[in-house]
Amino acid sequence: MEFAPDKARWRQVAEVIRGRIEDGTYPPRTRVPSVVQLTAEFGIANATAHKALTGLRAKGLTYTEPGLGSFVSPASRSEGLAESEDTQPAWRQVAAAITARITDGSYPLGARVPSTLELAAEFEIATSTAQKVLAHLKNEGLVRAEVGLGSFVSQRPTE
């Protein structure tokens with residue numbers, strides 16, 4: 001692949017993967033290429049491949065199962081990496097990804113949602129940004145906090 005010089009490579013790789021999701025090459029709940037596979041296919045650095053996968057996950061197109069890899073979300077949104085969403089703050093993008101997981105059942109009612117530290121690690125964001133995500137989800141009534149236990153899904157978003 002020849003990369004455009006005026007656009008981040010991770011975004012270009014994410015667009016290719018998004019296209020494959022949209023055209024059915026990677027159907028819902030199937031594995032998408034790993035960091036190692038992306039580096040081999042596109043000739044990019046590990047960090048660039050990781051950023052591409054993180055971007056897809058932040059948009060709700062994929063989800064990650066620790067130890068298994070990344071998979072196409074059951075209800076992938078066709079707008080995926082729409083340019084208008086790229087201008088949203090990181091906390092809103094992550095909140096949208098978690099909301100998508102609640103909506104598609106990846107996080108069922110009563111399930112524990114990732115902690116501040118887990119969100120920070122998964123989405124490569126600051127812990128203060130992750131705290132903002134959880135606060136927003138609580139304000140929206142999607143999650144409830146239980147002292148000493150964590151945050152749990154309390155309801156599904158209304159359409």
As an exercise, state the distance from [atom1] of [X] to [atom2] of [Y], rounded to the nearest 0.5 Å.
{"X": "Thr48", "Y": "Leu53", "atom1": "OG1", "atom2": "CG", "result": "11.0 Å"}
{"X": "Ser154", "Y": "Leu142", "atom1": "OG", "atom2": "CG", "result": "6.5 Å"}
{"X": "Thr64", "Y": "Arg31", "atom1": "OG1", "atom2": "CZ", "result": "10.0 Å"}
{"X": "Arg18", "Y": "Asp23", "atom1": "CZ", "atom2": "CG", "result": "11.5 Å"}
{"X": "Ile98", "Y": "Leu119", "atom1": "CD1", "atom2": "CG", "result": "5.0 Å"}
{"X": "Lys51", "Y": "Asn46", "atom1": "NZ", "atom2": "CG", "result": "14.0 Å"}

If you look only at pairs with a residue in residues 126-143, which of them pass as a salt bridge (Lys or Arg N to Asp or Glu O under 4.0 Å), with sequence neighbours excluded?
none
Which pairs pass salt bridge (Lys or Arg N to Asp or Glu O under 4.0 Å) with one or both residues in residues 112-121, sequence neighbours excluded?
Arg112-Glu118
Can you list the other members of the hydrophobic cluster that holds Phe152, where links are side-chain heavy atoms under 4.5 angstrom apart?
Leu149
Taking every non-hydrogen atom, the tightest pair across [X] and [Y]:
{"X": "Phe123", "Y": "Ala58", "value": "CE2-CA, 3.6 Å"}
{"X": "Pro108", "Y": "Ser106", "value": "CD-O, 3.5 Å"}
{"X": "Pro114", "Y": "Leu134", "value": "O-CD2, 3.9 Å"}
{"X": "Ala97", "Y": "Gly60", "value": "CB-N, 4.3 Å"}
{"X": "Asp104", "Y": "Pro74", "value": "OD2-CD, 3.6 Å"}
{"X": "Pro27", "Y": "Val72", "value": "O-CB, 3.3 Å"}

So side-chain hydrogen bond (donor to acceptor under 3.5 Å, both in side chains) across residues 143-153, not counting sequence neighbours, yields Arg144-Glu146
State whether the side chain of Thr116 and the backbone N or O of Thr127 hold a donor-acceptor pair below 3.5 Å, judged by distance alone.
no
Between the side chain of Glu65 and the main-chain N/O of Phe71, is any donor-acceptor distance below 3.5 Å?
no
[X]: what forms a side chain to side chain donor-acceptor pair (under 3.5 Å) with it, not counting sequence neighbours?
{"X": "Tyr63", "result": "none"}
{"X": "Gln37", "result": "Ser34"}
{"X": "Glu41", "result": "Arg20"}
{"X": "Arg101", "result": "Tyr107, Glu122"}

Ile21-Val16 co-clustered via ILVMFWY side chain contacts under 4.5 Å
yes
In this structure, would Leu68 and Leu56 fall into the same cluster of hydrophobic residues linked by side-chain contacts under 4.5 Å?
no
With sequence neighbours excluded, residues passing ring-ring contact (aromatic ring centres under 6.0 Å, His included) with His136:
Trp91
Can you name the ring-ring contact (aromatic ring centres under 6.0 Å, His included) partners of Phe42, sequence neighbours left out?
none
According to side chain to side chain contact (heavy atoms under 4.5 Å, CB included), who are the partners of Ala8, at least two apart in sequence or on a separate chain?
Trp10, Arg11
For Ala49, side chain to side chain contact (heavy atoms under 4.5 Å, CB included) partners two or more places apart
Val35, Leu38, Thr39, Ile44
